[in-house]
Amino acid sequence: MSFDSKGYELSFVTRDNSRELSCIKFTNIYTFYSPVTKLRYIVRAEYHDEDVFAIKFYVKNHAESAHKYNLVTNLGDTRNIIITCAKVIKILLNDFPLASFAFMGSRTYQNIPHKYQEPHQNNQRFRIYSQFIQSTFGIRTFTHFQYREIGGYLLINNKNEAIQEKERSIVKMIFKNYRTEDVF
Amino acid sequence: MNINSKNINKKPLSKGERLKWTPVSKLTPIKLTMEMFDGERLSYEEMTRKNKKYENLIIN
């Protein structure tokens with residue numbers, strides 16, 4: 001899959017200061033519309049301790065679902081949707097030039113039957129996100145880390161003096177606050 | 001709606017069809033362990049090779 005599309009226009013909605021977890025300082029919420037799927041999407045950039053944003057997105061119609069990050073629409077337009085979500089990083093770096101970014105490939109869940117369709121390890125979303133990030137984010141700004149076991153990906157900002165130590169600090173923070181997979 | 005009633009007249013799955021399913025143990029919620037966070041740092045050489053394939057980097 002190539003990622004040379006332009007994506008869509010991203011609009012800032014609001015900053016949510018309510019803290020779902022103590023490690024989340026605030027959440028910037030953005031939105032965009034896909035004329036292909038005819039769906040509106042919500043992008044959340046959750047700012048955590050250790051100066052790291054977790055980027056998440058879901059279909060607005062799925063907002064009330066406990067599995068909103070796990071559902072698939074099968075309506076396509078994957079390239080443009082992912083590229084649009086990634087544009088948030090460029091926006092956030094303007095105000096947070098030292099920030100790092102984390103992504104999680106959630107495993108697929110289907111409402112019928114009510115169950116997950118794949119394990120965490122190397123799941124479909126992780127494989128797509130991994131390929132996308134490696135082809136659209138270079139090595140000048142970030143050092144790339146991937147975690148196949150949990151379907152996670154980390155972009156550590158190279159302005160940090162000790163990259164490896166920063167990576168471990170972020171990982172420990174995530175592990176301390178996200179003990180089960182329910183929150184992913 | 002009684003979902004089970006739909007399956008009354010269905011033929012049971014063959015062994016081959018059953019084996020295609022992902023084992024249930026892999027589908028249940030997991031408890032995270034620190035070992036799962038042993039990440040793979042992508043090397044400069046590997047990233048340079050991958051970035052060359054695409055001209056439109058969002059951020060270099």
Side-chain angles (χ1 to χ4, degrees), chain A residues 2-7 83 86-87 89-90 93 101 107 109 112-121 130-156 163-164 167-168 170-172 174-184, chain B:
Chain A
S2 69
F3 294 97
D4 51 2
S5 305
K6 295 292 179 191
I83 285 169
K87 284 180 178 180
I89 295 175
K90 217 170 177 178
L93 275 178
F101 295 87
R107 51 187 183 149
Y109 182 91
I112 298 171
H114 297 281
K115 63 180 191 177
Y116 292 102
Q117 300 298 306
E118 55 182 345
H120 278 289
Q121 297 87 342
S130 197
Q131 184 191 352
F132 167 73
I133 295 166
Q134 287 166 36
S135 60
T136 54
F137 287 84
I139 51 176
R140 192 182 297 167
T141 307
F142 299 108
T143 298
H144 296 233
F145 290 83
Q146 61 181 8
Y147 308 84
R148 291 180 198 272
E149 189 70 22
I150 55 169
Y153 204 101
L154 205 47
L155 289 172
I156 301 291
I163 299 294
Q164 207 68 47
E167 185 263 350
R168 285 290 98 189
I170 291 174
V171 159
K172 280 178 187 163
I174 292 173
F175 177 71
K176 183 181 168 187
N177 290 280
Y178 295 89
R179 282 306 183 103
T180 71
E181 64 89 31
D182 295 337
V183 295
F184 290 119
Chain B
M1 178 177 71
N2 183 354
I3 295 172
N4 289 333
S5 63
K6 277 190 168 183
N7 298 328
I8 285 175
N9 297 319
K10 265 182 127 176
K11 281 172 62 177
L13 292 170
S14 66
K15 188 177 181 184
E17 286 171 296
R18 287 200 303 274
L19 286 175
K20 278 190 219 169
W21 292 357
T22 304
V24 172
S25 60
K26 288 195 173 182
L27 298 175
T28 51
I30 59 168
K31 192 147 179 139
L32 297 177
T33 63
M34 268 310 279
E35 287 73 29
M36 293 175 181
F37 286 88
D38 289 337
E40 173 195 350
R41 178 172 176 167
L42 298 176
S43 67
Y44 174 83
E45 291 75 20
E46 189 175 355
M47 285 306 305
T48 308
R49 178 172 58 83
K50 286 180 179 174
N51 286 169
K52 271 184 185 168
K53 280 187 185 179
Y54 304 96
E55 293 177 354
N56 299 324
L57 288 181
I58 295 176
I59 297 175
N60 192 353

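In what follows, every chain begins at residue 1, and chains take the letters A, B, ... in the order their sequences are listed. Computed from a predicted model, the values in this text were never measured in an experiment.
Within the 4.5 Å cutoff, the side chain of F132(A) has heavy atoms near those of the F137(A) side chain.
Between atom CG of residue L155(A) and atom CD of residue Q134(A) there is a gap of 9.5 Å, rounded to the nearest 0.5 Å. Here M34(B) contributes atom CE and I174(A) contributes atom CD1; the two are 10.0 Å apart, rounded to the nearest 0.5 Å.
Only the side chain of T143(A) comes within contact range of chain B, judged by heavy atoms closer than 4.5 Å. Using a 4.5 Å cut-off between heavy atoms, L154(A) makes no contact with chain B at all. Contacts of I156(A) with chain B are absent, with no heavy-atom separation under 4.5 Å from either backbone or side chain.
For the pairing with I58(B), the side-chain contact (heavy atoms from CB on, under 4.5 Å) check across I133(A), T141(A), T136(A) returns one residue only, T136(A).
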